Amino acid sequence: MHLHLVRHPAPILDKSYCYGSSDVAVAPGTLELCCERVSLLLPRGAPIISSPLQRCADLALALAQALDIESIALDIGLQEMHFGSWELRAWDDIAWAEVEAWNRDLLHHAPGGGETLLEVAQRVWDVFDALRRGDDAQAIVVCHGGSIRMLRACAAWHAEHGADTAPDSSAMEAIALRAAADKRDIGFGELITLEIDALPLIQR
């Protein structure tokens with residue numbers, strides 16, 4: 001199957017702020033432009049699954065209208081990482097010691113008391129697994145930069161280990177660290193398509 005991953009348009013806050021799972025609105029004028037451009041590249045009739053945060057959900061709804069799709073599905077598993085007390089703070093205002101504590105233990109330290117990277121990996125894998133087990137040959141996923149990196153890491157692990165294999169705890173750690181090591185910039189409104197093997201249908 002093909003997963004068409006779309007990052008949300010630019011939000012009203014710039015990258016100097018930590019806004020993770022905060023429900024930040026899209027910058028004025030960017031939603032329409034993003035939808036107009038991306039809708040031309042997407043298949044009609046494919047289901048749309050979105051993070052429930054408005055910067056994603058608003059784009060998903062606009063794409064559904066442009067592609068004549070009746071409805072969208074919202075999945076909390078696609079939300080960006082929750083940064084706890086860091087949310088909506090300028091990165092420069094967050095103590096360096098707190099950031100270093102996270103850097104020393106990327107998998108298990110919860111920045112700002114929010115989520116750990118391992119928790120994010122597990123919930124994103126659950127979304128990925130549900131999509132590959134579905135009946136659709138294509139799906140459109142509107143989410144966040146961190147979610148896209150994690151989905152790519154899930155797809156890479158899946159490709160290496162086969163469609164019938166589920167990740168154990170050590171494999172989930174490997175998926176999380178692969179996503180953390182993915183430094184490729186993902187632009188606002190960028191479309192990335194992953195080709196993955198769906199689980200074979202069981203003959204009855």
Side-chain angles (χ1 to χ4, degrees), residues 1-13 15 19-81 120-121 123-159 163 175 178-179 182-201:
M1 73 176 301
H2 289 89
L3 292 182
H4 305 282
L5 312 180
V6 184
R7 190 184 181 192
H8 60 78
I12 56 175
L13 292 180
K15 63 182 180 180
Y19 52 84
S21 65
S22 296
D23 201 9
V24 178
V26 169
T30 60
L31 178 63
E32 295 78 7
L33 291 173
C34 181
C35 179
E36 182 179 350
R37 177 177 54 81
V38 175
S39 63
L40 298 175
L41 306 173
L42 292 171
R44 291 182 175 272
I48 299 179
I49 304 93
S50 174
S51 160
L53 299 182
Q54 63 178 309
R55 58 188 184 270
C56 295
D58 288 352
L59 175 59
L61 287 168
L63 288 172
Q65 184 174 18
L67 297 170
D68 296 321
I69 297 170
E70 289 188 3
S71 62
I72 66 170
L74 300 178
D75 195 321
I76 196 171
L78 290 169
Q79 284 191 175
E80 188 59 279
M81 186 173 186
V120 176
R123 63 173 168 82
V124 173
W125 172 268
D126 290 343
V127 177
F128 174 81
D129 194 44
L131 287 169
R132 76 188 183 99
R133 290 176 184 276
D135 297 329
D136 297 294
Q138 303 192 78
I140 299 165
V141 180
V142 184
C143 57
H144 310 268
S147 308
I148 290 174
R149 289 184 178 88
M150 197 65 75
L151 285 166
R152 287 201 302 210
C154 290
W157 188 91
H158 172 272
I175 289 170
R178 188 194 293 255
D182 183 354
K183 303 302 183 185
R184 177 178 174 270
D185 183 59
I186 302 171
F188 294 118
E190 183 172 344
L191 169 63
I192 296 171
T193 297
L194 303 179
E195 185 173 359
I196 63 171
D197 291 329
L199 284 176
L201 294 176

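Just so you know, these numbers come straight off a predicted model, no measurement behind them. Counting begins at 1 with the first residue of the sequence.
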Could you measure the distance from the [atom1] atom of [X] to the [atom2] atom of [Y]? Nearest 0.5 Å is fine.
| X | Y | atom1 | atom2 | result |
| --- | --- | --- | --- | --- |
| Met81 | Arg149 | CE | CZ | 13.0 Å |
| Leu5 | Thr193 | CG | OG1 | 7.0 Å |
| Leu151 | Asp182 | CG | CG | 11.5 Å |
| Ile186 | Ser147 | CD1 | OG | 9.5 Å |
| Leu13 | Lys15 | CG | NZ | 14.0 Å |
| Phe128 | Met150 | CZ | CE | 13.0 Å |

Report yes or no: does [X] contribute a side-chain atom to a donor-acceptor pair with the main-chain N or O of [Y] at less than 3.5 Å?
| X | Y | value |
| --- | --- | --- |
| His4 | Leu191 | no |
| Gln79 | Pro52 | no |
| Arg152 | Ile192 | no |
| Gln138 | His2 | no |
| Ser51 | Leu53 | yes |

Note, [X] side chain near [Y] side chain (heavy atom, < 4.5 Å):
| X | Y | result |
| --- | --- | --- |
| Cys143 | Ile148 | yes |
| Ile175 | Trp125 | yes |
| Ile72 | Ile140 | no |

Handout entry: Qualifying residues under side-chain contact (heavy atoms from CB on, under 4.5 Å), relative to Ile69, sequence neighbours excluded
Key = Ile48, Ala64, Leu67
Exercise for the section: Please lay out, stage by stage, how Leu131 and Val141 fare under the test side-chain contact (heavy atoms from CB on, under 4.5 Å). Expected result: CA-CA 10 Å; Leu131 287 169; Val141 180; 3.9 Å; yes
Completion exercise
Applying ring-ring contact (aromatic ring centres under 6.0 Å, His included) to His144 and not counting sequence neighbours gives His8
Of all heavy-atom pairs between [X] and [Y], which one has the smallest distance, and what is that distance?
| X | Y | answer |
| --- | --- | --- |
| Ala57 | Leu74 | CB-CD2, 4.0 Å |
| Ala66 | Cys35 | CB-SG, 4.2 Å |
| Ile196 | Ala155 | CG2-CB, 3.9 Å |
| Ile76 | Arg123 | O-NH1, 3.8 Å |
| Arg7 | Leu59 | O-CD2, 4.1 Å |
| Arg55 | Val26 | CA-CG2, 3.5 Å |

Exercise for the section: Kindly check if the number of other-residue, nucleotide or ligand heavy atoms within 6.0 Å of CD1 (Ile12) is above 12? Expected result: yes
